[in-house]
Amino acid sequence: MDKSVQKITNNVSLIASADTWIEGLAIEQLIKTSNLPDMHYVAGMPDLHPGRGYPIGAAFFTQNKIYPALVGNDIGCGMSLWQTSAKVSKVNLERLAKKFAHVEQPLDESWSALVASRKVEKGINIHNYDRALGTIGGGNHFAEFQAIEHIYDHTTFDTLGLNKKHLQLLVHSGSRGLGQSILVEHIANYNHHGLTVDDKNFHSYMNQHNEAVRWAELNRELIALRFLDAIRANGNCVVDINHNLVSAKNIEGKAGWLHRKGATPSDKGYVVIPGSRGDYSYLVKPLITDETPTQSHNISLFSLAHGAGRKWKRGECHGRLGHKYKREDLYRTALGSRVVCGSKELLYDEAPQAYKKCETVIQDMIDAGLITVIAKLRPVLTFKTNGECSA
DNA sequence: ATGTTC
């Protein structure tokens, strides 16, 4: 257990074994962030990598203020896993790949009634970003059909309503332009100083943030429904978990605010930790929950990795891979899956080579006593974008 | 990450 938990400073821990690659700049950013006023604990996950000033793949605990810049622009970004009714045995990859011509367009009128009622049910009153609702976006966002590669815990697998004969659908997306607009407005007023809990705008930010989280959840739901519709299947949501958000939390008896930036909550039930498009994803059971005796909640801050973690920066991947792989080489992966990605830059930026092997990240969390694995999922078809310009 | 880049 101890070999996968590094104590970086007095209040900074890192969930990673000594041989897991973590970029030096990411550690520097982690330490720098731990020195912000009112920062009590910081925990880096094994997928930690550098971001713009603050690291990605980490959780931050404050007591009397929040830092919207730590959450970032993609408020509510997360992962949802759906069990579909589509049979794995009937998959024809090339036929499947052609079914998603329309999924980046705004939802048409046939969705209006559903969208309107779901917005009311989720308490979403904002309408400015309706055109983006139900769309994946760019960057590392995707929708991926998967198949079960191996089941480690059959009881839990069955209890969750999963079926290995049928495809799963994993959706990674967030709050699109809505979250971005909330962060931009906040930074314009407060720069990176954060908001104290008694600031007149504290509740206003939190209300906007919470609405963006619900908007992102609805976005993933609509993306999943539209991908299911495209293949004429139906499905059920098995897990949905946000990894970019700030929420109230008690840590070691202290009431405060837990920021997660690319950090999956361990106190919200089962979660999926996705690998790159050429790697397995893992359905896992978090072990540090509100029921766990308080031995060391500040070590992982009720958080887990949100993926395999970037190894290479965005923008440098084409240069690193271009001489070895032509564009056509990247539409299939080593696991036999198919990739739909009309954007050349995204095709390279999100290549499997740009990410760490997910198994090392999973193993670090197992060794740290944070998770057990329920099932391993294999990518079948990853959808990024159809067109060059929409990414 | 981003109704997408001046």
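Reminder, nothing fancy here: chain letters follow the sequence lines and each chain counts from 1.
Rounded to whole angstrom, the span from the CZ atom of A:R52 across to the C1' atom of B:dT2 amounts to 10 Å. Rounded to a whole Å, the CD1 atom of A:I126 is 13 Å from the P atom of B:dG3. Rounded to an integer number of Å, the gap from CZ of A:R314 to C1' of B:dT4 is 14 Å. One interatomic measurement links the two molecules: CZ of A:R131 to P of B:dT4, which rounds to 11 Å at whole-angstrom precision. In this structure, CG of A:N128 is placed 15 Å from C1' of B:dT2, rounded to the nearest angstrom. The distance from atom CD of A:E345 to atom C1' of B:dT5 is 14 Å, rounded to the nearest whole Å. We find that CG of A:L133 is positioned 16 Å from C1' of B:dT2, with the value rounded to whole Å. As a whole-Å value, the separation of A:L107 CG from B:dG3 C1' is 15 Å.
Looking at A:N201 and A:Y190, their side chains do bring a donor and an acceptor atom within 3.5 Å of each other.
Contacts of A:E328 classified as salt bridge (charged side-chain N to carboxylate O under 4.0 Å, His left out), with partners at least two apart in sequence or in another chain: none. In this structure A:K122 satisfies the salt bridge (charged side-chain N to carboxylate O under 4.0 Å, His left out) test together with A:E217, sequence neighbours excluded.
Taking a 4.0 Å limit (strictly below) on heavy-atom distances, residues 173-183 of chain A reaches DNA chain B at A:R176, A:G177, A:Q180.
Note on A:D130: nothing from the nucleic acid sits closer than 4.0 angstrom, heavy atoms only.
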What pairs of donor and acceptor atoms, side-chain ones from residues 368-380 of chain A against any protein atom, are under 3.5 angstrom apart with sequence neighbours left out?
{"unit_1": "A:R378", "atom_1": "NE", "unit_2": "A:E149", "atom_2": "OE1", "d": "2.7"}

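Members clustered with A:I22: A:I8, A:V12, A:L14, A:I27, A:L30, A:I31, A:L36, A:M39, A:V42, A:L48, A:Y54, A:F60, A:Y67, A:L70, by chain and number, using a 4.5 Å side-chain heavy-atom cutoff among hydrophobic residues. Cluster note: A:L287 groups with no other residue, as no ILVMFWY side-chain heavy atom lies under 4.5 Å from it.
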